[in-house]
Asks: 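Below is the structure I would like to discuss, written out as structure tokens.
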Protein chains: 2
Amino acid sequence: MKNRLKVERAEQNLSQADLADRIGVSRQTINSIETGRYVPSTILSLKLAQVFGKPVEHIFTLEETD
Amino acid sequence: MKNRLKVERAEQNLSQADLADRIGVSRQTINSIETGRYVPSTILSLKLAQVFGKPVEHIFTLEETD
DNA sequence: TAAAAATGTAAAATATGCTTGACATAATGA
DNA sequence: TCATTATGTCAAGCATATTTTACATTTTTA
């Protein structure tokens with residue numbers, strides 16, 4: 001699964017720590033999702049989508065291998 | 001987190017087992033998500049949304065407690 | 001250039017997703 | 001009614017998500 005977190009953060013000028021605070025997870029969690037180390041829960045992706053005001057599908061997209 | 005899986009399945013006339021087959025998980029996984037026993041991964045919710053042709057946000061919605 | 005902020009990782013611990021197998025009950029259909 | 005299909009749930013086990021702590025490196029800014 002690909003994600004656009006880095007780009008969305010840049011658009012809103014948010015650091016990984018800022019974003020983590022906003023949705024109530026650790027900074028490492030954001031970093032790990034962003035670098036593809038793991039797949040977030042649906043609750044997390046809904047919250048991320050909410051922060052950026054965009055649909056989940058715009059931020060996370062399935063790949064062949066998923 | 002609430003979900004509309006039961007309703008969406010009814011609209012498409014799919015059993016839990018049918019749906020499970022379509023996205024490659026076990027029947028119990030579908031049942032457990034449907035009855036709120038656990039929160040699916042984002043990959044799973046993207047696949048479910050894809051099957052029903054609707055955005056993730058239409059199928060899963062955050063609650064106060066999330 | 002020096003200090004501060006941001007990012008990338010790692011390890012260990014705990015929590016949770018998801019599987020298989022199994023069984024009980026409810027609903028559907030011949 | 002009998003058989004089949006659908007649903008709910010449990011338990012054990014493995015895999016993965018997420019946390020905390022910690023440290024190194026990169027980037028930004030004064």
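Just so we're on the same page: letters track the sequence lines, and every chain starts at 1.
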Asks: Would one find a side-chain N or O of A/Ser41 under 4.0 angstrom from OP1 or OP2 of D/dT18?
Replies: yes

Asks: Taking atom C1' of C/dG17 as reference, at what distance in whole Å does atom CD of B/Glu34 sit?
Replies: 17 Å

Asks: What is the distance, rounded to the nearest whole Å, between atom CD1 of A/Ile33 and atom P of D/dA17?
Replies: 9 Å

Asks: Think B/Asn31 has a side-chain N or O under 4.0 angstrom from the OP1 or OP2 of D/dT7?
Replies: no

Asks: Nearest whole Å is fine: how far is D/dT18 C1' from A/Ile43 CD1?
Replies: 13 Å

Asks: Given D/dA17, C/dT7, C/dA10, identify the nucleotide with an atom nearest to the side chain of A/Gln28.
Replies: C/dA10

Asks: Rounded to the nearest 0.5 Å, how far does CE of B/Met1 lie from CG of B/Asp66?
Replies: 7.0 Å

Asks: Using atom CZ of A/Arg27 as one end and atom C1' of C/dA5 as the other, report the distance to the nearest whole Å.
Replies: 10 Å

Asks: Is any side-chain nitrogen or oxygen of B/Arg37 closer than 4.0 Å to OP1 or OP2 of C/dT16?
Replies: no

Asks: Separation of B/Leu44 atom CG from C/dC18 atom C1', in whole Å?
Replies: 9 Å

Asks: What distance separates B/Leu44 CG from B/Ile33 CD1, expressed to the nearest 0.5 Å?
Replies: 5.0 Å

Asks: Quick check on DNA chain D: between A/Tyr38 and B/Lys6, whose nearest nucleotide comes earlier from the 5' end?
Replies: B/Lys6

Asks: May I have the distance from A/Leu19 (atom CG) to C/dT7 (atom P), rounded to whole angstrom?
Replies: 10 Å

Asks: For D/dG8, does OP1 or OP2 lie under 4.0 Å from any side-chain N or O of B/Gln16?
Replies: yes

Asks: With a 4.5 Å cut-off on side-chain heavy atoms, are A/Phe60 and A/Leu48 touching?
Replies: yes

Asks: Would you mind reading off the distance between B/Phe60 atom CZ and C/dG17 atom P, rounded to a whole angstrom?
Replies: 12 Å

Asks: Would you mind telling me which of D/dT7, D/dA17, C/dG8 lies closest to the side-chain atoms of B/Ser15?
Replies: D/dT7

Asks: Using the rule side-chain contact (heavy atoms from CB on, under 4.5 Å), only one of A/Arg9, A/Lys47, A/His58, A/Glu11 pairs with A/Phe52; which is it?
Replies: A/Arg9

Asks: Take the protein atom CD1 of A/Ile30 and the nucleotide atom P of C/dA5, then report the distance between them rounded to whole Å.
Replies: 20 Å

Asks: List the steps and the verdict of side-chain contact (heavy atoms from CB on, under 4.5 Å) for B/Glu8 and B/Leu19.
Replies: CA-CA 10 Å; B/Glu8 299 290 336; B/Leu19 183 53; over 6 Å; no

Asks: If you check every side-chain atom of B/Ser26, which of D/dT18, D/dG8, C/dT20 has the closest atom?
Replies: C/dT20

